[in-house]
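Working notes, beginning with the structure itself.
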Amino acid sequence: MYPLCEDKTFLALVKKFYQGSLNFSLQPDDIQQMTWTWQEKFLNHTFNNELIKKYPVNKKFSRLFLKKLINFIESSQEIHDDFYSQICNLMSSEIDQDDFYYRHYVIGNDFNNTIIIKETKNTVVNGTTGMKTWEAAFVLSDWALCNKEFFKSKTILELGSGVGFTGITVTKLCKPSLFLLSDCHNEVLNTICDNIRINFHQLNETEQADVIYFNGEESSLGVTMLDWNDIGDMPQNIVPDIIIGADIVYDPVILEPLCNVLDYFYNKNKELEVFIASVIRNEDTFAAFLKTLDSKSFQYEELQPAKSIYIDWDHSTKICLIKIKRK
Ligand SMILES: C[S@@+](CC[C@H](N)C(=O)[O-])C[C@H]1O[C@@H](n2cnc3c(N)ncnc32)[C@H](O)[C@@H]1O
């Protein structure tokens, strides 16, 4: 199972490994404690952990992670034999075919709240950007976890869910009554279903009106095709209290259809609240989005999310979280 211990450096490093991040550095004091026994414990919680074996992290990343760790500690510590055997195993395996792998996102420092996501590191796969978790998803989820009560017992619709990190995290920890994840790409929708099955074990699966439901006692999830360009084919029997979206404002062509979707759901529920987190890659595209909102009688307010309270995200990325309401 996941580690339980007080050693902050150990936990931070295990967390980086689970999340597929090479962004770590070690101080001489940290290295002093990384004895053979420490290394063995690290291996038990990472490479030899049953969940990591079942849902492995990216192989190339694992090799680079071990090499980096060895580089830091080899001048002060004897290196555990298993570190080298792991590197050899990784070098002899089929690294190039490692398109899909798993990331284990630890929420806060509680390893029992770990979200496992099957995803790829590729920006575009089969014509969709939805096969990896994007930075805005971390910001939106972190903010939602800081506002758990707001989401509790609500019906939430997510637009452009991608592999499902936000929906799964919010459902697990904020307990909405229904969280409906949506996207326009079949492979993305199948991956969302895989990820729901990995992270929730006792949900009863049913299908109704083009929505796959995963029914739980307190919260249920739904997965459905929802293409913003197809306003005539919105899910009929869903009336969301809240709509959320992460990194869905990036293509000038979809700004109008996206705002039409918001309009459609506002017409079903005048109390609807919408929260969208966007990485600002192109100021003009984001400005055009705000202008389109304005032209459709929406107003917006920029929120200032606290930084990495439960979920680590890159504070150097320019990300804007807005709340949208009818004027
Ligand atoms: C950059 S990804 C963001 C995925 C996820 N929200 C995240 O932040 O990790 C954009 C997502 O929007 C979806 N998308 C793009 N155009 C869409 C459309 N017309 N209708 C519905 N979803 C769309 C893509 O399939 C993709 O999953």
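First listed ligand is number 1; within each ligand, the first listed atom is number 1. None of these values were measured; they are calculated from a predicted model. Keep in mind that the numbers below use all heavy atoms, side chains included, and drop hydrogens, waters and symmetry copies.
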How close does the nearest protein non-hydrogen atom get to [atom], and which residue and atom is it?
atom	value
atom 1 (C) of ligand 1	D247 O, 3.3 Å
atom 11 (C) of ligand 1	G160 O, 3.7 Å
atom 24 (C) of ligand 1	D183 OD1, 3.6 Å
atom 15 (C) of ligand 1	Y250 OH, 3.3 Å
atom 19 (N) of ligand 1	D227 OD1, 3.1 Å
atom 8 (O) of ligand 1	A246 O, 3.2 Å
atom 16 (N) of ligand 1	W228 CZ3, 3.6 Å

- Message: Any atom of ligand 1 sitting under 4.0 Å from a heavy atom of A136?
- Response: no
- Message: With a cutoff of 4.0 Å, is K132 in contact with ligand 1, counting heavy atoms of the residue only?
- Response: yes
- Item | N-O pairing of D294 and K291 below 4.0 Å | no
- Do K318 and E283 meet the salt-bridge criterion of a basic N to acidic O distance under 4.0 Å? yes
Could you tell me, atom by atom, which parts of ligand 1 come under 4.0 Å of a heavy atom of [X]?
X	result
T128	24 (C), 25 (O)
A137	7 (C), 8 (O), 9 (O)
L226	20 (N), 21 (C)
N229	19 (N)
G130	26 (C), 27 (O)
S161	5 (C), 6 (N)
T133	9 (O)

- Query: Using 30° and 60° as the class limits, which term best fits the ring planes of H80 and W36: parallel, tilted or perpendicular?
  - Reply: parallel
Between [X] and [Y], does any side-chain donor sit less than 3.5 Å from a side-chain acceptor?
X	Y	value
N49	T46	no
E135	T317	no
S316	D314	yes
W313	D142	yes
S161	E158	yes
K15	N109	yes

- Under the side-chain hydrogen bond (donor to acceptor under 3.5 Å, both in side chains) rule, what do N215 and T206 come out as? Steps first, then yes or no, please. CA-CA 8 Å; N215 301 304; T206 57; 3.3 Å; yes
[X] N/O to ligand 1 N/O under 3.5 Å:
X	result
W134	yes
I254	no
T129	no

- Query: Which one holds for T166 and ligand 1: side chain close, backbone close, both close, or neither close, with close meaning a heavy atom under 4.0 Å?
  - Reply: neither
- Item | Any donor-acceptor pair under 3.5 Å from D30 side chain to Q27 backbone | yes
- Task: Give the C-alpha distance, both sets of side-chain angles, the deciding distance and a yes or no for side-chain hydrogen bond (donor to acceptor under 3.5 Å, both in side chains) between N260 and K296.
- Result: CA-CA 8 Å; N260 289 340; K296 296 200 177 281; 3.0 Å; yes
